[in-house]
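In what follows, chains are A, B, ... by sequence order, proteins preceding strands, each numbered from 1.
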Amino acid sequence: MDMGVMFGRSMRHIFRSVDTIMTVTISPVAIMLLFVFVLGGAIQIATDNYVNYLLPGIMLMTIANGIGYVSYRLLLDKQRGIFERFHSMPIARSAALWGHVLVSLVSNAISVTVIILIAFLMGFRSPAGVLPWLAVVGILGLFTLALTWIAVIAGLSAKSADSAGAFAFVIHLLPFISSAFVPTNTMPKAVRVFAENQPVTSIVNAIRALLNDQPVGSDIWVALAWCVGIMLVAYVFAMRVYKKRV
Amino acid sequence: MLPNEIAISVQGLKKSYKNVTVLEGVGFEVKTGSIFALLGSNGTGKTTIVKILTTLLKHDSGTAVVNGFDVAAKPDSVRQSISLTGQFAAVDEILTGRENLIMIARLRHLDNPRQVADDLLKRFGLTDAADRRVSTYSGGMRRRLDIAMSLVGESQLIFLDEPTTGLDPEGRIEVWKMVKELAGSGTTVFLTTQYLDEAEQLADRIAILHKGRIIVNDTLAELKKLFPPAKVEYIEKQPTLEEIFLAIVGKKEEKDNGND
């Protein structure tokens, strides 16, 4: 019941800050336009539809962007004493925190939906049925949760709004050094080793295969292992920070 | 005092952060239904005491009993019976004033959150602004809403941590009036402040926190006796800037009302 109240608060936050969703989606959309219409013609990839190739990476970038706001909102609640108000009341201590986690899931889902619609206008098509799409939703949900717990650590440890969102910038760069834009086999050895063994590549490959209705191979398991692994480690640290700082 | 006449009882309270000792054995009692002011400069540990008493922070040693419950052993029972207005107005800026109050009423599991919110909005003169987002409120309005949120559920004991810091003179007087009304209705008020006149205006009992200890704890009348007897001198009484400000603003408001 208390969770319901927190969720209601959070949903109001989302629907009253539509500008946040605009800000979150605008740069991935710009990158998508740039890569498809400016650079796309020169990129040699065995596909006739570069938007299809690009979309999974753009989805992850969108989520990385949205995550910055999760930290920022947590920082505000901490600085304004809103956590203290809730914690001095007879409600579960974690209720206030889980409200933020729910916001993160819902707002990122909205942003990614916006991205998919824009990609569709740019020529994105998927032969995949309901089940592969559900699998994509599941992977993106886990990815969002994993990053959300990292955002909780950053937001609660930050001293200022600038530092609260800084970590999102690093995550934002990861897709560039992955298979999100071009296949990794054209990269120099050292970069390639990094690219092929960082989480974004396996997640992008898994989503791409699912959307193209192709066999996903081992990528999906590697992707899931990354997401769940990061999520669990970040969760443990986030709860520790939450107990200590709030 | 009988046990049920004591709202807060603190003995030998100690707290340090890493190597810095903030409280070195604080002790005091607060009578039920009274206004107790904890006075001290910035950084003396007033907020630390408030945080310990409201279960937000664990103390190192000593005991603190609030409304008959030990804060360390029974934090949930303490939270049921208190309400905190922290140093910063803890209001949700994206929600409206009404939504803020309804949210707290729901979290306190009250039967009629909407009615509770309406009553408090009226009592705090926020009815006209009720459906505006709090981000459009002035500092004084935020503080009023903040205190109104603490009154949801009618806790027996209310903590006000520097409630008038950053408010303009009118805002301060409004808060003072509210605190007096609260105490008049039987609520115990624990107040921290760095303004001497605030303690003088409001408190039944004043304690001064200095270097981690309570160095004085008495009524205002008794505290005044600590100083040499008053001398009678004839001086021209200049109005304070605050009095001038309030006189001008008051006149302006009368005029404004007259024009309606």
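The closest donor-acceptor contact from the side chain of D77(A) to the backbone of I82(A) lies at 3.5 Å or more, if one exists at all. Judged by distance alone, with hydrogens and angles left aside, the side-chain atoms of T192(B) form no donor-acceptor pair with the main-chain N or O of K46(B) at under 3.5 Å. A distance-only check finds a donor-acceptor pair linking the side chain of S126(A) to the backbone of L211(A) [under 3.5 Å].
Of all residues spanning residues 123-148 of chain B, those with a heavy atom less than 4.5 Å away from chain A's heavy atoms are R133(B), D146(B), arranged by number. Among the residues in residues 155-165 of chain B, none has a non-hydrogen atom closer than 4.5 angstrom to a non-hydrogen atom of chain A.
By the 30° and 60° cut-offs, the orientation of the rings of W149(A) relative to Y235(A) is perpendicular.
Counting heavy atoms of neighbouring residues, nucleotides and ligands inside a 6.0 Å radius, atom CZ of F237(A) does not exceed 12 of them. For K180(B), the NZ atom sits in a packed shell: over 12 heavy atoms of surrounding residues, nucleotides or ligands are nearer than 6.0 Å. Residue E24(B) qualifies as enclosed at atom CD: its count of foreign heavy atoms under 6.0 Å is above 12.
Put simply, CG on L209(B) and OG1 on T44(B) are 4.5 Å apart, with the number rounded to the nearest 0.5 Å. Atom CG of D2(A) is separated from atom CZ of F7(A) by 15.0 Å, given to the nearest 0.5 angstrom. A distance of 11.0 Å separates CE of M32(A) from OG of S27(A), quoted to the nearest 0.5 Å.
Of the atoms belonging to I102(B), not a single heavy atom falls under 4.5 Å from chain A. Proximity to chain A involves both the backbone and the side chain of L107(B), based on heavy atoms less than 4.5 angstrom apart. With a 4.5 Å cut-off on non-hydrogen atoms, F83(A) does not touch chain B at all. Heavy atoms closer than 4.5 Å to chain B are found in the side chain of R85(A), but not in its backbone.
Using a 4.0 Å cut-off between charged nitrogen and carboxylate oxygen, R98(B) and D118(B) count as a salt-bridge pair.
Comparing T55(B), L95(B), T54(B), D76(B) by heavy-atom pairs within less than 4.5 Å of chain A, the highest count is held by L95(B). When S83(B), S150(B), G86(B), G153(B) are compared by the number of non-hydrogen pairs under 4.5 Å with chain A, S150(B) comes out ahead. Ranked by heavy-atom pairs shorter than 4.5 Å toward chain B, the options G4(A), A95(A), S88(A) are led by S88(A). Among the candidates K51(B), Q87(B), E99(B), Q80(B), the residue making the largest number of heavy-atom pairs closer than 4.5 Å to chain A is E99(B).
Across every non-hydrogen atom of P90(A) and R108(B), the tightest pair is CD-NH1, 3.6 Å.
With ring centers used as reference points, H87(A) lies under 6.0 Å from Y242(A).
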